[in-house]
Amino acid sequence: MKKWYFVLIILCLSLGTIYAFPFLENAITAPTPKYVRQVITADSTSSRTISWQTDLTDTPQFIEYKPLNSETLIKKQAITKILATDLGDFQLHSLTLTELIPNTTYRYRVGSDDAYSDWYTLSTAAKESNFSALIFPDSQCSDYTVWGDTVTSAITAHPTTQFFINMGDLVDNGASFYQWQAWLEGAKPLLPLIPIAPIEGNHEAYSLEWEFTLPTLYLSLFDLPQNGAKDLPGQTYSFDYGDAHFVVLDSQEKELDAYQPNLTAKQIPWLTQDLATTTKKWKIVLIHRGLFSHPDTANLNDLGKAFIPIFDQYHVDVVFSAHIHSYGRTRPLYHGVPAANGTVYISTGRSGDKTWESSLAKPYEVIFDRALDQPNYLVLNVNSTTLKVTAQKQDSIIIDTFEIKK
Ligand SMILES: [Fe+2]
C-alpha cells in the first residue's frame, strides 16, 4: 500500500510541476532534430533547401541562420509535414532559404527553442564559378556501412567539394524506412554541409512487397526543385551550378506505368524547352538507367531513342547514368555513333555493396570496369574552359579520368 502512495505522490508532483511551469513540458517533449540535410535548389547562388526529421511534436520548428561575418541572426519557421513510413509516422520539416548572398558562407541550425541541432555551415555558389561535385552511383546495400565508407573516403579525399549527386537506387527497397535511415546515417558526413542532388532509381519505386509503386517516400524525404516536367515535379528537375546546367530525368517507365503512363514521352516537351532556354556553357544530364540496350549493347533502348536526338540537338556534353553497377565511358557520340564534339555517356558504377557480374562493355566504350572488387565514386570539376571527370575506387585509386575543353 505504501508503494502505491509513493507512486501517486510522484505522479501528482510531476503533473503539478508541468502545469505550473509549462515550458518544462516542452523541455521534456521537444524532439531532437535528426538527419539535417541540405538539398539542391534551381539556383544555388541565392537559395538552399534545409530539411530535417523529428518525432511527432506540436513544437514549431525553425531555422536560424546568418552569414559568418554578420551578427544578425535570421529566424524562419519551417513547413512541417507528416512523414508516413513503415516504422510509424514522423515529421519532416523543410524550408527553402531565399535571397541568400552569392559566394557566401552561412552558419545555421535547426529545431525548436528547446532542442536545436548543432551549428553547421552552408555555402552559396558564386556566379559562373569553378566548382567540384561528387557523384555517387547506386548506393543500395545489404550493409549500409559500405555506403558510409564510400562517402567518408570521397569527402576525405575531396574536402572542398560543393555538392553531391546520387544517381538513383539510393536504397534497395524504397518503401523501407529502416534502409533510408541507414542511408541517411551513411551520408551524415555530407548532408548537413553540402546539398544533395538525388536522382530517382527503379528501387525507389518498389513497395515492401517488391511490387511497382510510386516513389512516395523518396519524394517525401527530398524536398526537390518543383521545376520539372508537368505532373512529374521532383522526379524530374533541373538546376544550375557555376557555369553548368544539370537536367534530372526519370527512367522508370516500366515501374510507374500503372501510375504515370507514357512517362518517357511526358518528359520530352519539358526536356526540350529546358535545354533550349539554358544559357549555361556546360549541359549535363543525370538519369538512372542508361540509354543503350543491355546486354545487346550496340542499339539504343527506348530511352535512348526518345532522349538522344534531344541531347544531340542541344549539344549535351555528358550524360551520367547508373543501374548496371559497372563503370564505363564512351567515346563522344552523335546519334549513337562516334563523332567529334558528341556527347560522352558515362555509366557511373556502384557506391554500395551490390555488384552485377553480368555487366558488359558497350561497343563504343573506351574504358570499362565491372566494379566487382570495391565500390567507387566520381569527381566532377568544371570551370569556364574545362569539364573534367575522375572516377575513383572507394580506396581513391583512380579508374579513369577525362576532360572536355571548349
Ligand atoms: Fe537500378
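Just follow the structure's listing: the first ligand is 1, and inside any ligand the first atom is 1. Quick caveat, the model's predicted, so the values are computed rather than measured. Computation of the quantities below employed the complete heavy-atom set of this structure, encompassing side-chain atoms and omitting hydrogens, waters and symmetry-equivalent molecules.
In this structure, F136 and W147 have perpendicular ring planes: the angle between them is above 60°, well past the 30° mark. The aromatic rings of H158 and Y377 stand perpendicular to each other, their planes meeting at an angle above 60°, with 30° marking the opposite boundary. Between F90 and F177, the two ring planes are tilted [angle within 30° to 60°]. Aromatic ring orientation, W356 versus H323: perpendicular (interplanar angle above 60°, classes split at 30° and 60°).
Closest N/O/S atom of D169 to the Fe ion (ligand 1): OD2. The Fe ion (ligand 1) sits nearest to atom ND1 when only the N, O or S atoms of H323 are considered.
Note on N202: counted as a metal contact of the Fe ion (ligand 1), an N/O/S atom lying under 2.8 Å.
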